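Contents: one structure, followed by commentary.
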Amino acid sequence: MALHVMDEANRCLQCKVPQCQKGCPINTNIPMVIKLLKENKLNDAGRMLFENNPLTTVCSLVCNHENQCEGHCVLGRKGAPVHFSSIENYISTTYANQMTAGPKPSNGMRVAIIGSGPAGITIAIILARYGYQVTIFEGKDKIGGVLRYGIPEFRLPKSVLDDIEYRHLTLKGIKIRPNTLIGSAITIEDLFRDGYKSIFVGTGVWKPNSLHIKGETLGNVHFGINYLNNPDSYRLGDNVIVIGAGNAAMDVARTAIRKGVKKLTCFSITKKVAASEYEFSYAQLEGVDFEFNKRPVEIVDDGVIFCDVIENEDGSFTDVEGTKTLYKADSTIISISQGPQNRLVNNTEGLKANRRGLLEADETGHTSRPGIFASGDVVNGARTVVEAVAHSKIVAESMHQYMQAHKDD
């Protein structure tokens with residue numbers, strides 16, 4: 001592993017205008033990180049990675065590198081780009097063992113973090129660095145949000161998240177309350193009553209989008225985000241249809257194959273998949289079949305009825321008459337993205353959401369109610385991990401400025 005990493009590091013041209021850094025949503029100083037590694041300053045490189053991106057170990061595994069850092073590498077124009085993902089993973093996981101420092105001295109102010117996905121973890125870590133007393137309220141039994149319950153183990157090992165919980169949260173004095181839904185027994189008003197100076201909402205998007213077609217309530221029909229939450233609780237049979245062809249659908253398909261499904265077909269309404277080329281190629285390699293320009297019409301006990309469609313120039317679709325066909329399957333999984341739950345909004349006075357149920361927040365995370373901030377998927381809809389981290393860094397600084405301005409209130 002180390003030899004491979006150094007081989008990749010030695011290929012870096014140390015460009016004066018690094019396109020790789022421009023392609024990174026969080027602006028990682030890739031040339032400097034590689035330079036430090038080559039100078040045997042691994043700890044300095046690791047420190048730089050973590051200070052810029054608290055979830056660098058995660059991003060090294062799940063980022064869409066082909067369209068970001070590696071996709072912008074000038075060496076990739078005529079050959080293979082420098083595989084910074086491997087370099088980042090090696091440095092970050094090795095340096096993580098050195099991160100044993102305890103919490104910063106308290107500044108006396110409490111912060112509540114609702115949700116422990118990428119946005120919530122990032123906000124918690126940054127504010128803990130300032131000395132805030134941070135408590136994370138997580139509705140499930142473990143931290144991670146979509147990282148733990150929406151990304152398969154083969155892409156992101158749970159041990160990586162356990163390490164983040166210990167080194168970044170527990171060691172830093174961040175309190176965690178698992179199995180605690182805000183908006184139920186505990187409300188936003190209760191948090192303000194108990195002295196939390198500001199509140200961050202990063203509850204993600206866990207409500208599956210539905211097709212609104214006949215047969216969607218049948219017993220052998222499931223939603224992709226629910227399946228990824230706990231795939232071992234499902235008995236899908238040998239032949240499975242996945243409706244959807246984005247990255248989440250690829251995760252569903254590849255997980256089901258690993259759990260023993262013999263035949264799996266993903267159906268896309270468009271003429272190509274929405275997933276990244278990387279994820280698409282791995283799904284094909286692992287035996288997933290694909291059908292394109294098919295629209296589901298009805299789900300029945302023994303499969304799904306699709307009709308062919310023509311994709312118009314304006315992005316709409318026209319059904320082709322006489323093409324309705326039953327594709328047989330033991331189970332059907334619908335994976336066409338998801339939206340937010342609305343419990344928190346419905347139970348919090350003055351907190352506004354748009355028609356899609358997403359929280360309304362400005363570029364720095366301020367919501368319609370003073371003291372409440374939000375970022376991540378609950379504001380922007382389902383996005384990438386690194387995008388959530390990048391935006392949350394801005395929001396964390398906004399929260400810090402707000403609390404400093406109101407510390408005497």
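From a predicted model like this one, the values you see are computed outputs, not experimental measurements.
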Y132 and side chain to side chain contact (heavy atoms under 4.5 Å, CB included): which partner among K197, H400, R110?
-> H400

Nearest heavy-atom neighbours spanning A119 and G376 = CB-CA, 4.1 Å

Just do the side-chain contact (heavy atoms from CB on, under 4.5 Å) check on I305 and Y327 with the steps written out, would you?
-> CA-CA 6 Å; I305 299 172; Y327 290 82; over 6 Å; no

Pair D289 + K263: basic N to acidic O under 4.0 Å = yes

Under 6.0 Å from the CD atom of E277, do we count more than 12 heavy atoms belonging to anything else shown?
-> no

With sequence neighbours excluded, tell me which residues meet side chain to side chain donor-acceptor pair (under 3.5 Å) with R258.
-> E286

Start with the C-alpha gap between H65 and F84, add the side-chain angles, then the distance that decides, and say whether ring-ring contact (aromatic ring centres under 6.0 Å, His included) holds.
-> CA-CA 8 Å; H65 302 104; F84 182 69; 8.2 Å; no

State, with a plain yes or no, whether a side-chain heavy atom of T135 is found less than 4.5 Å away from one of V111.
-> no

Salt bridge E138-R148, side-chain N to carboxylate O under 4.0 Å = no

Report yes or no: do N52 and T28 form a side-chain donor-acceptor pair below 3.5 Å?
-> yes

Smallest heavy-atom separation, V33 atom then L49 atom, equals CG2-CD2, 3.9 Å

Would a distance-only check, ignoring hydrogens and angles, find a side-chain to backbone donor-acceptor pair under 3.5 Å from T122 to P118?
-> yes

Do we see a donor-acceptor contact under 3.5 Å between the side chains of N312 and T318?
-> yes

Side chains of N89 and S86, donor plus acceptor under 3.5 Å | no

Determine, using ring centers only, whether F292 and F267 are less than 6.0 Å apart.
-> no

Would you kindly say whether E291 and T265 are connected by a side-chain donor-acceptor distance under 3.5 Å?
-> no

Are side-chain heavy atoms of I87 and L37 found at a separation under 4.5 Å?
-> yes

Sub-6.0 Å ring centroid separation between Y234 and Y227 = yes

Going by heavy atoms in the side chains, are T332 and N220 under 4.5 Å from each other?
-> no

State plainly whether the residues E189 and R369 are in salt-bridge range, i.e. N to O under 4.0 Å.
-> yes

Hey, are Y130 and E397 close enough side-chain-wise for a donor-acceptor pair under 3.5 Å?
-> yes

Have T56 and E88 got a donor and an acceptor in their side chains that come within less than 3.5 Å?
-> yes

Side-chain ion pair, E165 and K142, N-O less than 4.0 Å | no

Looking at side-chain heavy atoms only, is the closest gap between S210 and F223 below 4.5 Å?
-> yes

Taking atom types as modelled, is there a side-chain donor on T384 or E387 under 3.5 Å from an acceptor on the other?
-> yes

For the residue pair T57 and T93, confirm or rule out a side-chain donor-acceptor distance under 3.5 Å.
-> no

Give a yes or no on whether a salt bridge exists between D232 and K259, defined as a side-chain N under 4.0 angstrom from a carboxylate O.
-> yes

Between NZ on residue K294 and CG on residue D308, distance to nearest 0.5 Å | 3.5 Å

Just by distance, with hydrogens left out, do S398 and H366 show a side-chain donor and acceptor under 3.5 Å apart?
-> yes

What's the verdict on side-chain contact (heavy atoms from CB on, under 4.5 Å) for D302 and L326, showing C-alpha distance, side-chain angles and the deciding distance?
-> CA-CA 9 Å; D302 56 350; L326 171 64; 4.0 Å; yes

Fit a plane to each ring of F50 and Y95, take the angle between them on a 0 to 90° scale, and name the class: parallel (under 30°), tilted (30 to 60°) or perpendicular (over 60°).
-> tilted

